[in-house]
Amino acid sequence: MTTSEKRSFSFRLRRSFGDGGSTNSRNSNNNSSTCTNHNNHHNQKRCSTPLTPTSTSTGRLEVPGASVSRRSSIYRKPDKNDGGQIHLIPDVELPLMTFADQYNIEKTLAEGCFAKILLCRHRPTNTTVVLKAVHAELTTIKEFQKEFHYNYELSHHRHILSAYAVAFQTMDYFVFAMEHAPYGDLASNIGPNGLHETACKLIAEQLSSALGFMHSKNLVHRDLKIENVLVFTPDFARVKLCDFGATTKKGLPVHKVKHTWTSCVPPEQLELIKNERFQCLPISDSWQFGILLYNILTGNPPWQAADWGKDQAYANFMKYEQRKTTKVPDNFRRFSPRLMRCFRKYLSHDAEDRCKITEVNKYMKDRWVECRISASKSATLISPNQQYQDSCIYLNQREGRLSGDENKLRFKRMMSSYGLDIPIDQTMVRRRVWDWLSTCDANFDPEIESLHALDMAQ
Ligand SMILES: Nc1ncnc2c1ncn2[C@@H]1O[C@H](COP(=O)(O)OP(=O)(O)OP(=O)(O)O)[C@@H](O)[C@H]1O
């Protein structure tokens, strides 16, 4: 996200100890997808049961995957134009209680205008949970029920955050419980230069699976961004999609998601006038997936806004994407032709030309980054063993084929063959190499280990 975007959000964002992410938006406009069916057996059962932590039959907090049979609504084959019963949002009865009745609040993980994310201990079961407490004044009960319902029903998927069958209200909040992601969100794990290709592939695979699952149920997430991807293992082998506040059934009329980063807004939505509605389609997730992919690979979004009239970075990409030029935009130059092909499909200006969310799987065996000279600290957690992972290491390894002394000797010999037998100022050489490298790539990371090795060799 851009600096200006960051600034505009900072006044309503509070993170705690690098754990959280932004809780800066609440979509308040897609209630049209909310649908209640009181005749439905499944719904009746859930409506009549207040979802408090003690209401489960086992007396334990329950996540659907473990306790609900595979015949439950989510696994039923969707009707032709529907996602099955998943779209029937029950009127869940929310018992009134205080947090202190059953929970010890250990920490506020994130806090924004609309919701607080609290790390808690549920005393009766001695379970660590995260409570999402949405300000009751800023949302409707229908909206809250919709978010909770979709999160709970989608929890079966391995890469979707699990919600417990626990929801209640306090005087000020509507609250539901979910599992805790120990490493926070992707935003707090990506260094200024992005993650290593290996990690990005892992993340892409998991997210495309989660979103593909949602799309198969005719659901569109609509708010995919790095803050809405939670990290469960430091090597990113387990990440999960969260925040279903904007999730909507495919085909319904919606407004733009409010308070999201403009870089995440697809071009066709940027063009809309205020309060104009449009049809909710999965291709908006595809767009956001493309942005997220670029974001995790580089540490930044590719442009501020997909507005070719105002944003030169987007205009350059659009010309390339629409084959009006063969010049790869500067900020994409590090990527392989295969990945560029993939980006073209996700970030197509014309929404109809955009690919399905799972397209990225066709590119998993390809090399993605070609001339990358930097890696973030978190990327080094993966500690890739492959040779020539990036140009910097490559440079270093080529250098390494001859010992430092041999190199110096060769260099001296070459200089004297030109009649330039002058002493070499090593400090100057080092400074010039650093300068040159930093002009090669704005994302140059001076901490990269291999560069230090190069430095040492001199
Ligand atoms: N289960 C969890 N474990 C750890 N951190 C979490 C969890 N859920 C949410 N968070 C943190 O809280 C942040 C906000 O959560 P969430 O997106 O659900 O709230 P929100 O108010 O809907 O925010 P927004 O709409 O801006 O995305 C996340 O970006 C993440 O950093």
Side-chain angles (χ1 to χ4, degrees), residues 1 5-6 8-30 61 63 103 105-122 127-140 143-144 146-148 150-152 154-155 159-164 166-167 173-190 207 210 221-234 238-248 255-265 285 288 291-292 295:
M1 75 212 46
E5 278 180 324
K6 261 183 190 155
S8 70
F9 275 105
S10 57
F11 73 98
R12 37 197 165 100
L13 170 70
R14 181 154 67 82
R15 283 178 194 229
S16 76
F17 311 113
D19 244 321
S22 67
T23 50
N24 44 39
S25 76
R26 169 137 292 266
N27 184 48
S28 58
N29 50 32
N30 49 28
L61 292 169
V63 185
Y103 296 91
I105 298 178
E106 291 174 356
K107 191 161 146 186
T108 301
L109 293 176
E111 183 176 357
C113 245
F114 301 98
K116 270 186 182 181
I117 306 293
L118 306 166
L119 181 66
C120 301
R121 182 142 288 269
H122 179 239
T127 309
T128 295
V129 294
V130 167
L131 295 180
K132 180 162 180 174
V134 186
H135 287 279
E137 273 181 12
L138 302 172
T139 193
T140 63
E143 263 186 63
F144 171 79
K146 181 166 77 74
E147 175 173 0
F148 170 59
Y150 281 142
N151 198 157
Y152 181 72
L154 292 167
S155 296
H159 299 298
I160 290 182
L161 185 74
S162 292
Y164 292 104
V166 172
Y173 296 99
F174 297 126
V175 189
F176 73 93
M178 50 196 173
E179 64 181 327
H180 176 223
Y183 296 93
D185 61 34
L186 267 186
S188 50
N189 282 274
I190 300 176
L207 286 183
H221 185 279
R222 302 185 68 228
D223 197 12
L224 180 63
K225 55 187 178 185
I226 50 176
E227 290 82 359
N228 287 341
V229 179
L230 299 177
V231 182
F232 283 74
T233 55
R238 196 87 196 262
V239 297
K240 295 190 183 191
L241 183 62
C242 75
D243 191 1
F244 300 88
T247 298
T248 304
H255 291 111
K256 271 195 260 190
V257 172
K258 288 176 186 156
H259 309 296
T260 195
W261 312 116
T262 52
S263 56
C264 295
V265 181
D285 285 350
Q288 293 183 338
I291 300 288
L292 184 138
N295 207 338

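Below, each value reflects all heavy atoms present in this structure, side chains not excepted, and no hydrogens, waters or symmetry copies. Counting starts at 1 for both ligands and their atoms, in listed order.
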J.: Ignoring hydrogens, what is the shortest heavy-atom contact between Glu179 and Tyr164? Give both atom names and the distance.
T.: N-CE1, 3.7 Å
J.: Counting each atom of ligand 1 from 1 as listed, which ones have a heavy atom of Leu230 under 4.0 Å away?
T.: 1 (N), 2 (C), 6 (C), 7 (C), 8 (N), 30 (C)
J.: Within less than 4.0 angstrom of ligand 1, does Lys225 place any heavy atom?
T.: yes
J.: Can you list the atoms of ligand 1 that are under 4.0 Å from a heavy atom of Met178?
T.: 1 (N), 8 (N)
J.: Need the ligand 1 atom indices (1-based, order shown) with element for anything under 4.0 Å from a heavy-atom of Ala115.
T.: 21 (O)
J.: List ligand 1 atoms under 4.0 Å from His180, heavy atoms only on the residue side.
T.: 3 (N), 4 (C)
J.: Check this for me, if you would: do Asp243 and Lys132 make a salt bridge, where the nitrogen-to-carboxylate-oxygen distance has to be below 4.0 angstrom?
T.: yes
J.: For Val175 and Tyr173, work out which heavy atoms get closest and say how close.
T.: CG2-CB, 3.9 Å
J.: Please indicate whether any nitrogen or oxygen in Glu179 is less than 3.5 Å from any nitrogen or oxygen in ligand 1.
T.: yes
J.: Determine whether Phe144 and Phe176 make a side-chain contact, defined as any pair of heavy atoms from C-beta on separated by less than 4.5 Å.
T.: yes
J.: Determine whether Leu131 and Tyr103 make a side-chain contact, defined as any pair of heavy atoms from C-beta on separated by less than 4.5 Å.
T.: yes
J.: Suppose I only count heavy atoms of Leu109 and a 4.0 Å limit; which atoms of ligand 1 are within that range?
T.: 4 (C), 5 (N)
J.: List the atom of Ile226, the atom of Asp185, and the distance in Å for their closest heavy-atom pair.
T.: O-CB, 3.9 Å
J.: If I apply the N/O under 3.5 Å rule, does Ala181 come out as touching ligand 1?
T.: yes
J.: Measuring centre to centre across the rings, with the benzene-like ring taken for any Trp, is Phe114 within less than 6.0 Å of His135?
T.: no
J.: Answer with side chain, backbone, both or neither: which part of Leu161 has a heavy atom less than 4.0 angstrom from an atom of ligand 1?
T.: side chain
J.: Of all the atoms in ligand 1, which lie at a distance below 4.0 Å from a heavy atom belonging to Lys132?
T.: 16 (P), 18 (O), 19 (O), 20 (P), 22 (O)
J.: Taking 4.0 angstrom as the limit and counting only heavy atoms of Ala110, give me the atoms of ligand 1 inside it, by number and element.
T.: 12 (O), 13 (C)
J.: Check each heavy atom of Val134 against ligand 1 and say whether those closer than 4.0 Å belong to the side chain, the backbone, both or neither.
T.: neither
J.: Looking only at heavy atoms, what is the nearest atom pair of Ser162 and Ser155, with distance?
T.: CA-OG, 3.4 Å
J.: With respect to Lys107, which candidate in Ile117, Leu119, Leu118 satisfies the side-chain contact (heavy atoms from CB on, under 4.5 Å) definition?
T.: Leu119
J.: Within a distance under 4.0 Å of any heavy atom of Val130, pick out the atoms of ligand 1 and give their elements.
T.: 1 (N), 2 (C), 3 (N)
J.: Backbone, side chain, both or neither: what part of Leu119 comes under 4.0 angstrom of ligand 1, heavy atoms only?
T.: neither
